[in-house]
Every structure is written in C-alpha cells, then in structure tokens.
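In each ligand, atom 1 is the first atom listed, and ligand 1 is the first ligand listed. Bear in mind that the values here come from a model prediction, so they are computed numbers and not experimental data.
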Amino acid sequence: MSRRELVVLGTASQVPTRTRNHNGYVLFWDDEAVLFDPGEGTQRQMLRAGVSATDLTRIAITHLHGDHSLGLAGVVQRISLDGVPHTVPVSFPASGATWVDHLLDATSYHHRADLALQPLSADGVVPPVGPDPGFTLRAERLDHGVEAFGYRLDEPAGRRMVPDRLAAAGIHGPAVGLLQREGVVEVGDGRTVRVEDVSVVRPGQSFAFVMDTRLCDAVFSLARGVDLLVIESTFLDRDRDLAHAFGHLTALQAATVAAECGVRSLVLTHFSQRYQDPAEFWAEARTVFDGELTVAEDLDRVQVPPRVH
Ligand SMILES: [Zn+2]
C-alpha cells in the first residue's frame with residue numbers, strides 16, 4: 001500500500017516554545033515527499049522524525065515570515081551536503097524572492113543542490129518538474145500581512161475494476177492489465193469490452209495546506225472536500241479580534257471552514273505561545289466539526305484517511 005502520511009515537524013507560530021518547534025510539515029504521498037514551510041530548526045526535526053533530505057521531492061513555502069522559511073537555509077545546505085541527486089522544486093510567493101535568495105546563500109557552503117525555483121505571482125497550478133508526481137499542486141493567494149499562498153494537492157480520478165463485471169465479461173488474467181492500459185480489449189468471441197463497462201470511477205484523494213491568513217474565499221476553495229486539511233489556528237475565538245488584526249484564524253474559524261467544506265480529517269496547528277492548554281483548541285473545534293480532529297504536536301503522524309470508494 002502506498003504511503004500517504006503527514007509528518008508534523010513543528011507547530012509553533014512566531015515564537016518556538018520548549019515543546020513546539022517553528023513550523024514544518026512533510027507530506028509523504030506515494031513516491032513523493034513535499035516539505036511545507038520549513039521554519040527554523042527543520043533540519044533537526046527531520047532527523048528526529050526519520051525524514052532524510054534525499055526523501056524530499058518538493059519544497060512549498062506559503063510566505064516569507066521566519067516561522068515558515070528560516071529553515072530553508074539549513075535544509076538546502078543539507079540537500080547539498082548529502083548530494084541529493086534529483087531536482088527539488090521550491091515554490092514561494094514571487095514578492096519574497098529576495099529573501100529566498102538570501103536563505104539559499106546565507107552562509108558559505110558548496111552549492112550542489114539542484115533546485116528549480118518556482119516564484120508564484122498568481123493563483124494556479126504549480127507545474128511539476130521532472131516525472132509526473134501523480135497529483136496536481138495548486139496555489140491560491142491568501143490574506144495575510146505579507147503575500148502568502150496556500151496549497152492544494154489533487155490526485156486525478158481513476159477507475160476501480162469491478163470483479164463481478166470482469167467475470168461476467170469473461171475477462172481475466174493478463175487481459176485485465178491490457179484493458180487498463182488500452183481502455184478497450186477484444187474477447188474470444190469477437191466482442192469488445194471497454195474499461196467503462198467493467199469499472200467505476202474512483203475519485204482522487206486530496207490534501208490542502210492553509211497557513212497564515214484571515215478568512216477569505218481562497219481558504220474555502222483550497223479546503224473544499226479534501227481528505228486531509230492542515231490549517232493554522234493561531235488563536236482561540238475569545239481572541240478573534242487579535243486574530244483578525246494580525247491576519248490569522250481562530251480554532252473556531254478553522255474548524256468551521258472544515259465543516260462547511262466537508263473535510264474528512266482536520267489538523268490544527270501554528271499555535272500562539274500565549275496559550276498553555278491544547279485541549280482548548282480541540283474543544284473549540286469540536287463544537288462545529290465532527291470529523292477526524294488532530295490538534296497537532298511536534299512529530300505527530302497523521303494518515304490521509306483511507307479511500308471511501
Ligand atoms: Zn506564521
């Protein structure tokens with residue numbers, strides 16, 4: 001079975017704490033591993049979580065505040081040191097390009113990393129680099145103090161063979177693979193069978209990553225119907241005014257988005273150091289969201305929920 005799992009590296013907002021590193025998340029998706037928002041300390045958190053630099057096939061940055069990007073310097077130097085052989089695309093808001101340049105050239109090291117820089121200046125699909133990753137990655141502009149983009153990953157719909165229909169059509173053995181590849185196959189008596197006749201549509205799985213933002217349309221379109229949503233909830237709702245002033249969400253707002261969008265599994269993260277008890281975030285989110293709920297801790301692992309169809 002393919003690996004589809006989120007590894008949480010860090011869960012603190014602006015200021016790391018004794019128990020929370022700056023942000024950092026690795027989404028393992030089949031043969032791909034996307035590192036989202038490497039905050040300070042990401043290299044060491046990867047070590048603690050058993051994620052190697054060579055695992056990484058893409059880096060996606062929402063915005064150029066330190067808690068989402070200071071770790072890029074260390075991670076890229078490690079990619080370089082380890083001689084990672086493949087190209088690693090790095091996407092980020094185009095307006096942050098100067099800071100990305102600084103982070104990639106922050107200290108003296110041998111520049112051996114093969115990076116493909118992908119500055120984002122508009123909503124849309126972030127093009128793959130190299131082999132087809134088996135998903136599309138889409139970026140949409142959020143509403144924060146500096147330019148920020150959220151991300152959404154979608155697996156294209158496929159087809160699931162129905163054994164009874166295959167048997168009724170007299171298709172078995174190597175003919176099944178042939179039918180999947182060619183879309184049509186001829187059976188013994190001259191009849192042709194199309195793949196649609198013996199299979200049903202299998203919807204693709206999806207994932208969204210929504211960091212620092214006020215509520216805006218993009219939050220909803222990124223989260224719509226995803227299997228797994230990682231979303232910031234910096235504040236509790238009693239501090240809703242502060243959240244709005246600083247361009248952030250509350251746990252109640254984040255969970256309401258998840259409920260309205262039909263999200264299956266919700267991961268809250270990016271907590272302000274002002275709060276001591278994570279249970280408050282859980283309780284607040286639970287008032288409106290009844291799906292799978294995780295108030296993230298560093299080094300948590302959260303599975304993409306199994307397919308329904
Ligand atoms: Zn932040």
Side-chain ([X]) to main-chain ([Y]) donor-acceptor, under 3.5 angstrom:
| X | Y | answer |
| --- | --- | --- |
| R112 | L81 | yes |
| D30 | E32 | no |
| Q253 | R240 | no |
| Y25 | V7 | no |

Short N/O/S contact of [X] with the Zn ion (ligand 1) (below 2.8 Å):
| X | value |
| --- | --- |
| H68 | yes |
| E232 | no |
| H270 | yes |

message: From the N, O or S atoms in D67, identify the one nearest to the Zn ion (ligand 1).
response: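 Nearest N/O/S atom of D67: OD2.
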
message: Looking only at N, O or S atoms in D212, which is nearest to the Zn ion (ligand 1)?
response: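 Looking only at N, O and S atoms of D212, the one nearest the Zn ion (ligand 1) is named OD2.
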
query: Taking the side chain as C-beta and beyond, is there a heavy-atom pair between F209 and V34 under 4.5 Å?
result: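 When only atoms from C-beta onward are counted, V34 and F209 do not touch, as no gap falls below 4.5 Å.
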
